[in-house]
Protein chains: 2
Amino acid sequence: LIKQNSSKHVGFNLVSSYLFINFALGSRYVSKTATKSVSEFEYDAPSMKTAVPGPKSQELLRQLGEIQNVGAVHFFCNYEESRGNYLVDVDGNRMLDVYTQISSIPIGYNHPALMKVMTNPNNVSTFVNRPALGILPPENFPDKLIESLLSIAPSGMRRVQTMACGSCSNENAFKTMFIWYRNKERGYANPSEHEVDTCMINQSPGCPDLSILSFMGAFHGRTLGCLATTHSKAIHKLDIPSFDWPIAPFPKLQYPLEEFVRENAQEEARCLEEVEDLIVKWRQKGKPVAGIVIEPIQAEGGDNHASPDFFSKLRNIARKHGCAFHVDEVQTGGGTTGKFWGHEHWGLDDPADVVSFSKKLLTGGYYHRDELKPDKPYRIFNTWMGDPSKNLFLSEVLNVIRRENLLEVVTRSGKALLQGLYTLQTQYPHILSRARGQGTFCAIDACNDATRDSIMIKARNKGLFMGSCGEKTIRFRPALVFKEYHVHQLLNILNDVLAEHK
Amino acid sequence: LIKQNSSKHVGFNLVSSYLFINFALGSRYVSKTATKSVSEFEYDAPSMKTAVPGPKSQELLRQLGEIQNVGAVHFFCNYEESRGNYLVDVDGNRMLDVYTQISSIPIGYNHPALMKVMTNPNNVSTFVNRPALGILPPENFPDKLIESLLSIAPSGMRRVQTMACGSCSNENAFKTMFIWYRNKERGYANPSEHEVDTCMINQSPGCPDLSILSFMGAFHGRTLGCLATTHSKAIHKLDIPSFDWPIAPFPKLQYPLEEFVRENAQEEARCLEEVEDLIVKWRQKGKPVAGIVIEPIQAEGGDNHASPDFFSKLRNIARKHGCAFHVDEVQTGGGTTGKFWGHEHWGLDDPADVVSFSKKLLTGGYYHRDELKPDKPYRIFNTWMGDPSKNLFLSEVLNVIRRENLLEVVTRSGKALLQGLYTLQTQYPHILSRARGQGTFCAIDACNDATRDSIMIKARNKGLFMGSCGEKTIRFRPALVFKEYHVHQLLNILNDVLAEHK
């Protein structure tokens with residue numbers, strides 16, 4: 001049942017210049033003997049039975065449409081039958097999934113290690129009795145934090161707060177920065193009676209006119225605080241009241257980065273200058289910048305990269321102006337760039353004041369430097385404060401990452417993927433451009449959004465499920481168990497689609 | 001192991017005027033023969049080994065304190081050993097829990113029905129593979145919504161959106177109201193280019209100056225949007241930027257409600273008048289009220305009630321002024337008032353436009369009338385959009401509520417509890433006052449906060465764990481499996497504490 005038919009092993013399967021040349025000429029090298037390198041429990045290859053969405057998905061879409069807006073639903077899934085990198089839908093189609101639930105499945109579907117967590121009777125109570133962690137934590141809570149989240153803490157950070165999702169993580173990270181900033185301003189004295197009174201009615205000085213500086217193209221979530229720092233797509237923001245907070249340009253770099261070093265450095269300098277100007281301007285406006293929030297790679301906004309030098313200088317600007325520096329690793333965290341955190345590529349000892357996470361970490365939350373710890377209880381608080389059952393899964397995910405050297409796998413697969421994307425854009429320069437990536441966190445642009453969407457639908461019908469971002473970008477967000485073997489499946493399908501598109 | 005020692009069955013165990021008189025005289029009728037009415041799997045009574053927090057809790061507090069602010073932590077729990085209404089801590093103390101993880105445990109600890117959900121192999125995949133529900137829902141998602149959330153939908157509502165927690169539910173409910181309001185204003189035309197452009201930089205008209213009207217004493221969550229409608233305690237709001245949104249007075253009623261009908265009606269009329277004034281005033285300020293948000297009983301703010309007549313008139317005011325009416329049932333929902341939703345006590349066919357929930361429902365989310373459905377995909381969206389594993393538990397909770405007639409149990413226990421609180425406040429008028437409640441959603445005020453806190457600590461050391469709210473209120477939030485038998489345990493312990501306090 002598990003290892004069904006398939007075995008369409010193809011040219012990209014062995015990375016060699018010979019095969020790349022072969023491929024570049026448009027031919028397709030098929031080898032029946034190539035062995036797969038993925039875990040035993042996985043499928044071999046995609047297997048398609050219908051166009052997607054198939055008839056069963058369409059019927060379910062109709063049913064769900066009576067209850068919710070289903071305009072964003074691709075198809076309905078059979079999660080029981082999905083395995084590793086392969087997502088199975090309700091019509092029996094099996095797709096190579098390189099979008100992984102918007103980048104939130106760390107080690108593939110139904111990983112045996114996670115199944116074990118579920119069937120261990122010692123864990124049942126953790127699932128059945130969700131505690132209010134802030135008031136009544138379970139006995140093993142400190143231990144579980146130490147063996148999971150603290151074992152991967154960013155440099156300089158020993159404190160972590162779990163939350164239910166990415167938006168809540170960023171909202172509470174912002175609150176942490178605001179509280180820290182005002183405590184500094186007050187000289188750590190108690191708030192005045194006037195502050196206490198005015199905060200109850202949303203007025204200054206109790207609710208001060210502080211701001212968070214964010215970047216054009218950023219995505220930090222959709223709750224009202226987060227949304228004021230999100231600037232990726234109008235559909236996210238239209239009609240929702242917001243804060244007058246400063247928005248800096250994010251560098252628009254040319255790719256491959258190593259070929260445009262000088263031009264990119266100029267562009268980054270321009271953006272950094274603008275950041276400093278905005279900080280000064282907003283201070284003069286009476287809305288000082290308490291914190292700067294940024295993604296190591298802008299994901300939803302179109303997979304926009306910046307150099308380690310840019311981030312290092314930005315971190316210094318934050319320090320110089322007394323702003324907290326918040327790195328949002330909700331999408332970049334968890335190993336997908338080849339290091340556990342995207343910011344590790346910057347090589348800084350003190351990369352940030354706050355680092356938030358969610359998605360592949362399974363629990364939301366944020367780390368922060370000691371200096372930013374809340375001075376009183378109940379300032380950072382809610383009913384659940386996360387979910388210990390997610391910490392259980394995370395511990396096991398981290399074990400698997402270590403045991404199976406998945407960061408190395410990501411680095412290796414990422415190189416093969418990016419190399420393959422370079423080859424494709426050379427072969428189809430009128431369709432593809434700007435291939436870029438770090439680890440398997442890769443992307444490539446289509447010539448326009450209609451072409452991008454058409455490529456994605458055609459690829460899906462051939463068994464490759466990808467994501468989109470920005471205006472015309474395809475983003476690749478495979479799980480950490482995505483091996484070179486899968487890279488070649490991906491590239492072959494993409495090549496077939498592009499060959500037909502020509 | 002499960003049914004250990006105990007059997008301190010006491011006077012309140014049989015509700016009779018004789019015993020109430022007996023009790024009122026300060027004596028304590030002890031019966032070894034009384035049978036317990038709770039499920040077989042539960043313990044009989046509290047059993048205390050140490051003061052709380054005991055030595056093990058204190059050591060764990062020290063450990064967790066290195067990682068997080070632990071100022072709000074009461075003690076550490078042994079959830080494996082907890083059963084039904086009894087919470088066991090790491091020092092082996094077993095307490096009658098009438099706070100239930102801030103009112104979020106619907107049918108007690110380790111209910112056998114929920115254990116079964118966990119051990120059913122068909123459910124494993126739902127826990128292990130958390131989907132991005134908005135794009136790739138599981139096959140059974142519509143069915144699970146129909147058998148769980150839609151089976152308890154508030155009157156007039158057939159659409160529901162799940163979310164991860166209460167704050168996210170309210171944030172997205174607010175967004176839904178803003179989108180609905182602007183679509184109305186625009187005559188359902190497409191947004192202008194100017195709106196699309198300005199929304200990307202947080203400016204009007206794309207991010208319009210709309211507001212949500214809330215009430216003093218309200219609690220709707222702690223993310224920035226929710227926090228702008230929360231006005232219960234300064235510690236929640238201090239130092240966090242907010243919106244200039246209108247805040248109406250919530251009626252300050254006298255209890256018991258039936259004894260102060262005329263006075264209370266006057267007070268409610270005053271508040272309703274103020275609501276209309278604020279709506280007009282904020283429209284004139286250029287910040288029209290898109291929605292009104294209110295709790296059926298203000299919980300965190302001090303268990304403040306209002307009459308069905310008040311809510312009915314408020315709902316009409318919302319309709320008259322074109323504001324959406326959002327009832328926040330995060331704490332009142334799930335059966336604790338004796339009806340599934342707190343707003344059912346108003347007796348309205350069309351009680352609200354939006355009803356949000358979380359806590360006892362195990363999943364967050366909100367219902368809304370068809371008219372408020374988002375016009376386009378991705379306007380209400382995030383990565384997870386809830387968690388289907390919580391829907392699995394919710395289905396089973398609803399089965400138990402129906403099978404065990406738990407709404408009747410709540411009504412019966414609630415009457416006994418409120419009657420007992422009346423008796424206590426008659427007996428200790430210098431300490432207690434303003435007993436009030438609906439179902440087991442009961443509360444009583446102490447003469448001041450220090451006395452309240454002292455009563456709670458003493459009760460905890462005798463095996464009764466309660467919650468606080470408002471300035472000097474004790475709140476009772478037992479699970480739905482809280483029987484009259486447990487009411488009497490509660491009242492006896494409270495009586496002992498009060499007798500010593502005198």
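Proteins come first, then strands; the chains are lettered A, B, ... in the order of their sequence lines, and each starts at number 1. These numbers come from the heavy atoms of this one structure, side chains and all, not from hydrogens, waters or symmetry mates.
- Across all non-hydrogen atoms, the minimal contact from B/Arg130 to A/Ile105 is O-CD1, 3.7 Å.
- When heavy atoms are compared at a cutoff of 4.5 Å, B/Leu150 approaches chain A solely by way of its side chain, counted from C-beta outward.
- In this structure, chain A has no heavy atom under 4.5 Å from any part of B/Asp209.
- Not a single donor-acceptor pair under 3.5 Å links the side chain of B/Arg222 to the backbone N or O of A/Asn172.
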Derivation and outcome, side-chain hydrogen bond (donor to acceptor under 3.5 Å, both in side chains), residues B/Lys376 and A/Asn69: CA-CA 7 Å; B/Lys376 291 194 179 68; A/Asn69 185 312; over 6 Å; no
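- Between B/Lys237 atom NZ and A/Gln203 atom CD the span is 9.5 Å, to the nearest 0.5 Å.
- The candidate from B/Ile135, B/Ile380, B/Leu114 with the greatest count of non-hydrogen atom pairs under 4.5 Å with chain A is B/Ile135.
- By number of non-hydrogen pairs under 4.5 angstrom with chain B, the leading residue of A/Pro131, A/Gly71, A/Ala164 is A/Pro131.
- Interface check for chain A: of the options B/Asn78, B/Val124, B/Thr383, the most heavy-atom pairs under 4.5 Å are formed by B/Thr383.
- Note that OG1 of A/Thr100 is 12.0 Å distant from CG of B/Asn129, once rounded to the nearest 0.5 Å.
- Put simply, the side chain of A/Arg182 never gets that close to the backbone of B/Asp239: no donor and acceptor are under 3.5 Å apart.
- At a 4.5 Å heavy-atom cutoff, the contact between B/Glu66 and chain A is made by backbone atoms alone.
- A/Asn202 and B/Asp244 share no donor-acceptor pair across their side chains, judged by distance under 3.5 Å alone.
- Looking at B/Tyr99, only its side chain comes within 4.5 Å of chain A, counting heavy atoms on both sides.
- Of the atoms belonging to B/Leu60, heavy atoms from both backbone and side chain fall under 4.5 Å from chain A.
- Both the backbone and the side chain of B/Lys175 come within less than 4.5 Å of a heavy atom in chain A.
- Contacts between B/Met163 and chain A at a heavy-atom distance below 4.5 Å are absent for every atom of the residue.
- Looking at B/Phe127, the atoms closer than 4.5 Å to chain A (heavy atoms on both sides) sit in the backbone and in the side chain alike.
- Within 6.0 Å of CZ on A/Arg158 lie no more than 12 heavy atoms contributed by other residues, nucleotides or ligands.
- Listed for the A/Gln101 side chain is a donor-acceptor partner under 3.5 Å among the backbone atoms of B/Ala132.
- Heavy atoms closer than 4.5 Å to chain B are found in the side chain of A/Ile247, but not in its backbone.
- With a 4.5 angstrom heavy-atom cutoff, B/Pro191 touches chain A only via side-chain atoms.
- Per-residue heavy-atom pair counts under 4.5 Å with chain B were compared for A/Gly225, A/Gly134, A/Cys165, and the maximum is reached by A/Gly134.
- In plain terms, the two heavy atoms of A/Leu64 and B/Pro142 that are nearest each other are CB-CG, 4.1 Å.
- Remark: the backbone N or O of B/Arg159 is not paired with any side-chain donor or acceptor of A/Gln68 at under 3.5 angstrom.
- The shortest non-hydrogen separation linking B/Phe76 to A/Pro138 is CD2-O, 3.5 Å.
- Contact annotation for B/Asn122: only backbone heavy atoms (N, CA, C, O) come within less than 4.5 Å of a heavy atom of chain A.
- Here the side chain of A/His231 pairs a donor or acceptor atom with the backbone of B/Met200 at under 3.5 angstrom.
- Shortest non-hydrogen contact noted between B/Tyr79 and A/Pro137 is CE1-C, 4.2 Å.
- Taking both residues in full, the closest heavy atoms of B/Ser242 and A/Phe243 are given as O-CE2, 3.5 Å, listed atom of the first, atom of the second, then distance.
- Neither the backbone nor the side chain of A/Met177 comes within less than 4.5 Å of any heavy atom of chain B.
- To the nearest 0.5 Å, atoms CG (A/Asp387) and OG (B/Ser389) are separated by 7.5 Å.
- In this structure, B/Glu80 contributes its side chain and A/Ser125 its backbone to no donor-acceptor pair below 3.5 Å.
- Chain B forms the most heavy-atom pairs under 4.5 Å with one residue out of A/Glu185, A/Gln161, A/Lys373, A/Gln63, and that residue is A/Gln161.
- For B/Ser232, the part lying near chain A is the backbone, with the side chain staying farther off; criterion is any non-hydrogen pair under 4.5 Å.
- A distance of 7.5 Å separates CG in B/Asn123 from CE in A/Met118, rounded to the nearest 0.5 Å.
- Heavy atoms closer than 4.5 Å to chain A are found in the backbone of B/Lys233, but not in its side chain.
- The greatest number of non-hydrogen atom pairs below 4.5 Å with chain A, out of B/Lys390, B/Lys56, B/Glu139, is found for B/Glu139.
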For B/Met115 and A/Val128, what are the C-alpha separation, side-chain angles and deciding distance, and is it a side-chain contact (heavy atoms from CB on, under 4.5 Å)? CA-CA 7 Å; B/Met115 308 286 273; A/Val128 167; 4.2 Å; yes
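- Only the side chain of B/Ser104 has a heavy atom closer than 4.5 Å to any heavy atom of chain A.
- Interatomic distance, A/Trp245 CH2 to B/Ile201 CD1, rounded to the nearest 0.5 Å: 16.0 Å.
- Annotation: maximal heavy-atom pairing with chain B below 4.5 Å, among A/Asn170, A/Thr126, A/Leu362, occurs at A/Leu362.
- Among the candidates A/Phe393, A/Phe75, A/Tyr367, the residue making the largest number of heavy-atom pairs closer than 4.5 Å to chain B is A/Phe75.
- With a 4.5 angstrom heavy-atom cutoff, B/Ile179 touches chain A via backbone and side-chain atoms both.
- Rounding to the nearest 0.5 angstrom, the gap separating the SG atom in B/Cys199 from the CG atom in A/Leu227 is 9.0 Å.
- Chain B forms more heavy-atom pairs under 4.5 Å with one residue of A/Ile67, A/Ile102, A/Leu224 than with any other, namely A/Ile67.
- In this structure the side chain of B/Phe174 never reaches within 4.5 angstrom of the side chain of A/Thr223, judged on heavy atoms.
- In this structure a side-chain-to-backbone donor-acceptor pair under 3.5 Å is missing from A/Glu195 to B/Leu238.
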List the steps, then state whether side-chain contact (heavy atoms from CB on, under 4.5 Å) holds for A/Leu136 with B/Val73. CA-CA 6 Å; A/Leu136 296 166; B/Val73 172; over 6 Å; no
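- Options B/Ala234, B/Ser358, B/Pro208 differ in how many heavy-atom pairs under 4.5 Å they form with chain A, and the most are formed by B/Pro208.
- Considering only residues two or more places apart in sequence or on other chains, B/Thr162 meets the side chain to side chain contact (heavy atoms under 4.5 Å, CB included) condition with B/Leu133, B/Phe141, B/Leu145, B/Leu149, B/Thr363, B/Asn391.
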